[in-house]
Amino acid sequence: MNPPSPVLLLSAVLSLGAAVPHSRGHTSKLPPRASANENRRPAGTVRDGKLDLKLEIVNAKWFPEAESGPSLTMQAFAEIGRAPEIPGPMIRVPEGTEIHITIHNSLPDSEIAVHGLHTRPATADDILKIPVGATREVTFQAGAPGTYFYWATSAKKPLNFRVGKDSQLSGAIIVDPRDAPPKADHTFLIGLYSDDPDSLAGRTPHPREIVVINGKSWPYTERFTFTEGDSVSWRVINAADGPHPMHLHGFYFNVDRSGGEGVDSVLPPTAIRQANTKLVVSGGTMAFRFVPDRAGNWLFHCHLAGHVDGATNVNNILHRRPIAEIEREHAGMEHGPHAMAGLIIGFHVLPRGERRVASTREPQRLRLLIQSSPRGYSHKPATGFVLQQGAEPSRDSVTLPGPTLLLERGRPARITIVNHLKVPTSVHWHGLEIESYPDGVAGWSGMPGNILPAIQPADSFIAEYTPPRAGTFIYHSHVNELMQTNTGMYGALIVTDSTHPFDPRIDKIVLVGGGGPGNVEQRSTGRVNGTTTPQFELEAGTTYRLHLIMIHPQAVVVFRLGTDSTMARWTPVAKDGADLPPEQSTPRAAFVVMGAGENGEFLFTPERPGLQRLSVQTRQAGWHIPVLLFVRPAKKVVAN
């Protein structure tokens with residue numbers, strides 16, 4: 001007998017109940033309770049190189065916050081004989097395993113379409129349709145190693161529009177190499193549920209949403225403990241409707257693999273692999289590793305403010321409270337871990353060995369004021385920074401965006417932050433590899449017994465740290481970012497050394513940020529360097545270093561440089577403050593997509609005089625800001 005083909009072996013068999021015997025465990029009229037699936041247990045039974053898995057699709061009570069908190073009724077996958085799980089049961093097998101899955105649709109009124117149950121790699125999806133009360137079977141080979149997922153819909157919508165009661169019908173598929181033991185890693189699956197009955201009824205939309213990792217929203221997500229020097233391997237699966245820029249506080253990570261539902265591959269040496277913020281598109285996956293080498297509390301989270309904001313909770317879905325009421329409550333609350341919610345993973349790093357010896361160099365001293373002004377972006381009130389130089393500025397003045405801070409690699413910085421607001425705040429030094437305490441997450445950063453507090457009104461805090469790396473970084477509020485960061489509380493931070501000087505003549509900062517307050521219902525407009533009409537004057541033949549910084553907390557933007565008909569070329573030289581190796585720093589088309597919290601440095605040499613544009617626009621419909629580049633002729637050198 002010939003062995004099964006290593007390529008797709010797909011067979012779907014319709015069963016009208018008794019034809020495929022199985023034991024369904026959820027016959028009560030009351031929805032069963034769904035468990036949060038931490039993706040630690042492979043589902044099904046493996047015998048003689050074949051996985052047998054029996055699933056059921058049911059309505060279930062979902063508790064995305066506390067197990068004793070409010071719940072929502074959602075559609076969920078359940079392994080027969082076990083409670084429903086959100087996300088669905090994890091399929092994890094070695095390469096070459098034959099997978100046999102039986103799925104019964106126990107929903108009372110919805111046909112289900114299941115995607116992703118096929119051999120990898122795959123260039124097309126095989127959809128398994130299951131009518132109400134019916135059962136289907138599918139058999140396929142696991143295929144190539146990688147990170148994949150399966151998902152289902154009852155609303156007949158593609159993944160990037162699936163936000164309703166079927167939005168949590170997703171599960172991880174992990175294929176391990178054939179001849180190696182499974183890696184000691186962890187898998188995080190992102191889900192998003194959105195509810196907007198006003199829009200469905202034809203009224204003004206008032207959307208509410210909740211975003212989760214492995215079925216839970218912070219601070220109810222899983223916590224991890226590591227020791228300095230440990231090697232950590234994580235996988236991320238974005239089964240939600242939109243992109244998520246995932247940011248790791250305090251450390252860089254190296255992306256080993258990247259892909260999606262059908263294909264996953266090792267990144268080539270020419271691909272940019274090291275980052276502290278990485279955009280994962282809808283349907284995308286990534287596998288990465290990092291080494292936490294400093295003790296303390298740290299975060300890994302989505303950098304879209306609405307996906308970590310405390311207003312994103314179940315009560316605000318169920319009770320549909322007015323935005324003004326939510327904002328008043330959120331602005332005045334104590335900003336500890338419970339002031340955030342959504343796509344956040346917290347981890348604690350234990351010390352190992354002796355502590356680092358502090359630098360004895362004279363510190364660089366700065367005094368940074370946080371103030372409000374009635375005259376901000378779009379004639380709305382602003383929250384922003386002022387760098388005090390000499391006499392204290394007026395209390396109603398801000399610099400929009402915040403002043404560019406220039407620090408020195410290896411020299412201690414001692415920054416006194418004074419809060420002149422009427423609400424608490426904090427400042428995060430985005431991308432810097434510094435100690436945990438000054439990292440800027442109020443109520444979390446630091447160590448047990450020494451946790452960073454929020455900076456209260458009329459109070460101050462001294463952030464002391466030594467930048468270990470020269471490059472481009474960001475500083476911004478880490479409290480109520482929809483209001484504080486959006487209205488101006490963000491700025492560029494440049495760390496220099498002898499090989500990384502900063503020359504305003506050739507170093508050009510392009511800082512993309514919010515242009516006014518935003519909330520969970522409304523996205524802030526954009527600004528580039530604080531304006532909608534930014535421009536630079538360049539000289540033909542001169543090589544410039546463009547520092548592209550994306551810190552708009554509600555956007556994913558596309559940068560494109562060129563004329564109306566042609567695209568220029570540039571050379572990336574750094575990502576998120578880290579220099580690129582030579583094989584990654586090669587000329588390419590001047591086009592890049594960035595999510596909130598990402599930045600890059602690019603060398604660009606305009607070859608001839610004329611007008612070029614650096615177009616900055618949201619990835620989807622939203623706003624567009626052209627940065628005008630006036631290229632003048634090169635200056636003639638007069639011989640002596």
| said: Can you classify the ring geometry of Phe347 versus Phe290 as parallel (below 30°), tilted (30 to 60°) or perpendicular (above 60°)? | reply: tilted
| request: Run the salt-bridge test on Glu598 and Lys575 with the 4.0 Å N-O cut-off and return the result as yes or no. | output: yes
| message | If you compare all heavy atoms of Ile344 against all heavy atoms of Met340, which two are closest, and at what distance to 0.1 Å? | response | CD1-CB, 3.7 Å
| Using the benzene-type ring in the case of Trp, are the ring centres of His303 and His428 under 6.0 Å apart? | no
| query | With sequence neighbours left out, what residues match Asp230 under salt bridge (charged side-chain N to carboxylate O under 4.0 Å, His left out)? | reply | Arg352
| Which pair of non-hydrogen atoms, one from Gln484 and one from Pro424, has the smallest distance, and what is that distance? | NE2-O, 3.1 Å
| task | Go through the side-chain N and O atoms of Ser282 and Arg162 and say whether any donor and acceptor fall under 3.5 Å apart. | result | no
| message | Is it the case that the side chains of Asn297 and Ser436 hold a donor-acceptor pair, with the cut-off being a distance below 3.5 Å and no angle test? | response | no
| field | For Phe473, all residues meeting ring pair (Phe, Tyr, Trp, His ring centres under 6.0 Å), sequence neighbours excluded | value | none
| Angle class for the Trp234/Phe224 ring planes (parallel below 30°, perpendicular above 60°, tilted otherwise)? | tilted
| Val349 to Pro292 - nearest heavy-atom pair and separation | CG2-CB, 3.7 Å
| said: So that I know where these two stand, are Trp444 and His478 an aromatic pair - ring centroids less than 6.0 Å apart? | reply: no
| note | Residues at least two apart in sequence or cross-chain that pass salt bridge (charged side-chain N to carboxylate O under 4.0 Å, His left out) with Asp185, listed by chain then number, are Arg92, Arg235
| Results of ring pair (Phe, Tyr, Trp, His ring centres under 6.0 Å) for Phe288 - residues two or more places apart only | Phe253, Phe300
| request: Examine the side chains of Asn313 and Glu65 and answer whether a donor and an acceptor come within less than 3.5 Å of each other. | output: no
| query | How are the rings of His115 and Trp151 set to each other: parallel, tilted or perpendicular (split at 30° and 60°)? | reply | parallel
| request: Under the salt bridge (charged side-chain N to carboxylate O under 4.0 Å, His left out) rule, collect the residues that match up with Glu209, sequence neighbours excluded. | output: none
| request: Please name all residues satisfying side-chain hydrogen bond (donor to acceptor under 3.5 Å, both in side chains) with Ser217, sequence neighbours left out, ordered by chain then number. | output: none
| His301-His249 side chain donor-acceptor pair, cut-off 3.5 Å | yes
